[in-house]
Amino acid sequence: MQRLLPDPGSTTVEQQLDTYRPCEESREDRPYVAMNFAATVDGRATIGGVSGPIGSETDTAMLVGLRSRFDAVMIGAGTMRAERYSGLDRRLIVVESGPEGRVDLPVLLRSLREEGVRALLCEGGPTLHGALQAAGLVDDLFLTIAPKLSGGGAPPRILEGELEEVVPLELAWLLEEDGELFARYSRR
Ligand SMILES: NC(=O)c1ccc[n+]([C@@H]2O[C@H](COP(=O)([O-])OP(=O)(O)OC[C@H]3O[C@@H](n4cnc5c(N)ncnc54)[C@H](OP(=O)(O)O)[C@@H]3O)[C@@H](O)[C@H]2O)c1
């Protein structure tokens with residue numbers, strides 16, 4: 001794998017993630033929060049209703065490596081319904097509406113921090129991503145761009161929902177292997 005930015009040169013998933021220590025960045029009132037998504041070049045976050053066919057084996061290795069850097073993994077109810085989630089060696093938090101409606105995300109993150117969660121990897125989906133960004137609760141966004149076009153009617157993009165303001169991002173790193181791009185964006 002090649003690192004295109006910063007410091008161009010060869011690297012591996014392990015070497016790259018070795019420098020990434022989100023548990024050391026926790027906030028007082030919430031864990032450090034990173035999102036992870038894979039998308040096609042035409043911006044689709046699903047193929048046939050699931051994310052599996054988008055990324056390569058290297059994308060899977062990146063996701064598995066990323067999980068190991070975090071205390072817990074979080075997903076929305078829609079992702080839980082669509083994807084297979086089993087055998088995770090991290091605590092899994094599923095965000096689903098209760099009798100009182102949608103989950104209050106700042107309250108949830110505060111309670112997770114109080115329980116000792118220093119860093120949280122949110123693996124989607126697009127609706128939960130939109131809600132977290134709208135509330136200013138996302139620090140990093142890992143985005144794999146697979147070199148493929150999927151077309152389709154109206155599959156979701158990596159973020160769905162309204163944002164009051166455009167969220168400016170900084171490209172923290174960009175990696176490439178076999179035409180697949182692995183970007184890490186940080187909130188400015
Ligand atoms: N390409 C990728 O990397 C990737 C990653 C993840 C998912 N996906 C795909 O995304 C699709 C699912 O998308 P989605 O947007 O429906 O799923 P989602 O974001 O995982 O789940 C959204 C659901 O979470 C629940 N929820 C409860 N409180 C919430 C809050 N405060 N904010 C937001 N949501 C809250 C609601 O469900 P209830 O009201 O039912 O409780 C809501 O409909 C699947 O097809 C999956 O394959 C792709």
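Residues: numbered from 1 along the sequence shown. Read the numbers this way: they start at 1 and go in the same order the structure lists the ligands and their atoms.
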Short list, please: which atoms of ligand 1 are under 4.0 Å from a heavy atom of [X]?
{"X": "V50", "result": "47 (O)"}
{"X": "G124", "result": "6 (C), 20 (O)"}
{"X": "G125", "result": "6 (C), 7 (C), 18 (P), 19 (O), 20 (O)"}
{"X": "G49", "result": "44 (C), 45 (O), 47 (O)"}
{"X": "S51", "result": "1 (N), 2 (C), 4 (C), 47 (O), 48 (C)"}

Regarding [atom]: of the candidates [options], which has the closest heavy atom?
{"atom": "atom 7 (C) of ligand 1", "options": "T46, L128, T79, D59", "result": "T79"}
{"atom": "atom 37 (O) of ligand 1", "options": "G76, A77, G130, A146", "result": "A77"}
{"atom": "atom 35 (C) of ligand 1", "options": "R157, R102, M74, R81", "result": "R102"}

Could you find the nearest protein heavy atom to [atom] and give me its residue, atom name and distance?
{"atom": "atom 48 (C) of ligand 1", "result": "A45 O, 3.3 Å"}
{"atom": "atom 39 (O) of ligand 1", "result": "S97 OG, 2.8 Å"}
{"atom": "atom 5 (C) of ligand 1", "result": "E123 O, 3.3 Å"}
{"atom": "atom 32 (N) of ligand 1", "result": "A131 CB, 3.4 Å"}
{"atom": "atom 46 (C) of ligand 1", "result": "E83 OE2, 3.4 Å"}
{"atom": "atom 31 (N) of ligand 1", "result": "V103 O, 2.8 Å"}
{"atom": "atom 26 (N) of ligand 1", "result": "V95 O, 3.7 Å"}
{"atom": "atom 12 (C) of ligand 1", "result": "G78 C, 3.9 Å"}

### Task
Consider every N or O of F37 and every N or O of ligand 1, then say whether any pair is closer than 3.5 Å.
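It does not: no N or O of F37 is found under 3.5 Å from an N or O of ligand 1.
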### Message
Show the nearest heavy-atom pair for residues P31 and L112, with the distance to one decimal.
### Response
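Answer, listing the atom of P31 first, then L112: CG-CB, 4.3 Å.
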### Query
Which atoms form the tightest heavy-atom contact between L109 and L120, and what is the distance?
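Smallest heavy-atom distance, with atoms named: CD2-CD2, 3.5 Å.
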Would you mind telling me if ligand 1 is within reach of the side chain of [X], the backbone, both or neither, using heavy atoms under 4.0 Å?
{"X": "P126", "value": "both"}
{"X": "A82", "value": "side chain"}
{"X": "T127", "value": "both"}
{"X": "L105", "value": "side chain"}
{"X": "E160", "value": "neither"}

### Query
Is a side-chain donor or acceptor of R27 paired with a backbone partner of Y32 at a separation under 3.5 angstrom?
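Side chain of R27 to backbone of Y32: no pair is present.
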### Query
Between F70 and Y20, what is the ring plane arrangement, given parallel below 30°, perpendicular above 60°, and tilted in between?
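Because their plane-to-plane angle lies in the 30° to 60° range, the rings of F70 and Y20 count as tilted.
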Got [X] and [Y] here, is their nearest side-chain heavy-atom distance under 4.5 Å?
{"X": "R187", "Y": "Q133", "value": "yes"}
{"X": "V95", "Y": "M74", "value": "yes"}
{"X": "E123", "Y": "S51", "value": "no"}
{"X": "V73", "Y": "I93", "value": "no"}
{"X": "P106", "Y": "D104", "value": "yes"}

### Pairwise distance CZ(R118) to OG(S26) - rounded to 0.5 angstrom
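R118 atom CZ to S26 atom OG measures 7.5 Å (nearest 0.5 Å).
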### Task
Find the distance between CG (D59) and CG (L181) and round it off to the nearest 0.5 Å.
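Reported to 0.5 Å precision, the distance equals 11.5 Å.
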### Query
Under 4.0 angstrom from ligand 1, any heavy atom of I75?
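Flag not set, I75 not near ligand 1.
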### Task
Decide whether L4 and Y185 are clustered together by the hydrophobic rule: side chain heavy atoms of Ile, Leu, Val, Met, Phe, Trp, Tyr closer than 4.5 Å, transitively.
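In one cluster with L4: Y185, yes.
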### Query
So, Q2 versus S10: side-chain donor-acceptor pair below 3.5 Å or not?
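Their side chains do not contain a donor-acceptor pair, so the 3.5 Å distance test is not met.
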### Message
Looking only at side-chain N and O atoms, does S186 offer a donor or acceptor that is under 3.5 Å from a partner on E170?
### Response
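No - no donor-acceptor pair under 3.5 Å links their side chains.
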